[in-house]
Structures are given as structure tokens and as C-alpha cells.
Amino acid sequence: MDDLADTIWNRAALEAGGSTPGEGDRALAAALRLHSSAMSDGVLDAVRSMTDEELDAAEAGYRWLHVPAASEAIAAVRRAIADGALDDPERASALDLSSDDHYDEAIEDDAALDNAFRARLSTDPDAFSAV
């Protein structure tokens, strides 16, 4: 199972789920795209740099992976931006810090996301395209 999981993970990370992604491949790829950006530049910058479609996919991906708190953390940042948080430097700074904190509560490290993926792979292997 480890080799299969690693292959699926790498396909999601490097090939956006592959040429014919299943539901699980799409969910994992979308979550990994946001996660990678958030780990590099912070959650606020990740949200600001991604399109609405990419963010929608990431939120859905986290829900599919049974990590709704990560989905909600992203949604909360989007709501705060829509409510003008970036127009005020103090609110923007507070949002930058709080967004990382909220996301970290849901996904404390890469292993947490990997564990969520492996749990879904074990219960729903047909959601991922063949390797």
C-alpha cells in the first residue's frame, strides 16, 4: 500500500492528479496545491495567489479528505478578504497571523495531510485512477 500511496501522492503533487484523475486524485491535487503554497508563503498569500476555482477545488478537496477544518480555514480567509480585511494594514496583519494559526490547527504538517489521504485511500481506493 505504501508504494501505491506514494505513487498516487506524487502524481497528485507533480501531475495535478494525472491525465485521467479520479475524484480522489482531483481532491488530493487541489489540497496539495494550496498546502504547498501555504507552507511556502503562508496561507494568506496562498489564498491571494490562487484563483477562485482553485480555492473552491482546494476547499472541496479538504472536505473530501475529511479535513473540514482546513476547508473552513481557507473559507474564513476568503470571507475576511471579501469583507475588506486587506484594506486596513492592522486587519491584514492580524489576518495573516490568524490564517496560519487556523490552518495549522487543521493541518499541522505534511504528515497530517498524508495521513488524511491514506485514510481515504484505504476506505475508497476506487476514487483514485489506476497506477
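Atoms considered below: every heavy atom in the structure, side chains included; atoms not considered: hydrogens, waters and symmetry mates.
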Exercise for the section: List in chain and number order the residues that pass side-chain contact (heavy atoms from CB on, under 4.5 Å) with Ala75, two or more places apart in sequence or in another chain; answer none if no residue qualifies. Expected result: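 Partners of Ala75 under the side-chain contact (heavy atoms from CB on, under 4.5 Å) test: Glu59, Glu72, Arg79.
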
Is any side-chain heavy atom of [Y] closer than 4.5 Å to one of [X]?
X      : Y     : answer
Leu44  : Leu86 : yes
Leu113 : Trp9  : yes
Val47  : Arg78 : yes
Arg91  : Asp83 : yes

For [X] and [Y], which heavy atoms make the closest approach, and how far apart are they?
X      : Y     : value
Ala127 : Trp64 : CB-CZ2, 3.5 Å
Ala29  : Ala16 : CB-C, 3.6 Å
Ser71  : Arg63 : OG-NH1, 3.0 Å
Val77  : Val43 : CG2-CG1, 4.1 Å
Ser129 : Pro21 : OG-CA, 4.3 Å

Problem - Audit row: Leu32, Phe117, side chain to side chain contact (heavy atoms under 4.5 Å, CB included) steps and yes/no - result: CA-CA 10 Å; Leu32 282 174; Phe117 153 64; over 6 Å; no

I need the [X] [atom1] to [Y] [atom2] distance, nearest 0.5 Å.
X      : Y      : atom1 : atom2 : answer
Asp114 : Leu28  : CG    : CG    : 9.0 Å
Ile8   : Asp3   : CD1   : CG    : 11.0 Å
Leu34  : Met39  : CG    : CE    : 9.0 Å
Asp100 : Asp45  : CG    : CG    : 8.5 Å
Leu4   : Arg118 : CG    : CZ    : 9.0 Å

Please list every donor-acceptor pair under 3.5 Å in which a side-chain atom of residues 104-112 meets a protein atom from a residue at least two apart or in another chain.
{"residue": "Asp109", "atom": "OD1", "partner": "Ala111", "partner atom": "N", "Å": "3.1"}
{"residue": "Asp109", "atom": "OD1", "partner": "Ala112", "partner atom": "N", "Å": "2.9"}
{"residue": "Asp110", "atom": "OD1", "partner": "His35", "partner atom": "NE2", "Å": "2.6"}

Practice task
Output yes when a side-chain donor or acceptor of Ser40 lies under 3.5 Å from a complementary backbone atom of Ser36, and no otherwise.
Solution key: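 Confirmed, Ser40 side chain pairs with Ser36 backbone.
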
Handout entry: Hydrophobic cluster membership, Val131 vs Phe128, 4.5 Å side-chain cutoff
Key =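 Cluster IDs for Val131 and Phe128 match.
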
Exercise for the section: Could you tell me whether Arg48 atom CZ has more than 12 heavy atoms of other residues or ligands within 6.0 Å of it? Expected result: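 It does not: Arg48 CZ has 12 such atoms or fewer within range.
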
Exercise for the section: Give the ring-plane orientation class for Tyr62 versus Tyr103, where under 30° counts as parallel, over 60° as perpendicular and anything between as tilted. Expected result: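 If you compare the ring of Tyr62 with that of Tyr103, the planes turn out perpendicular.
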
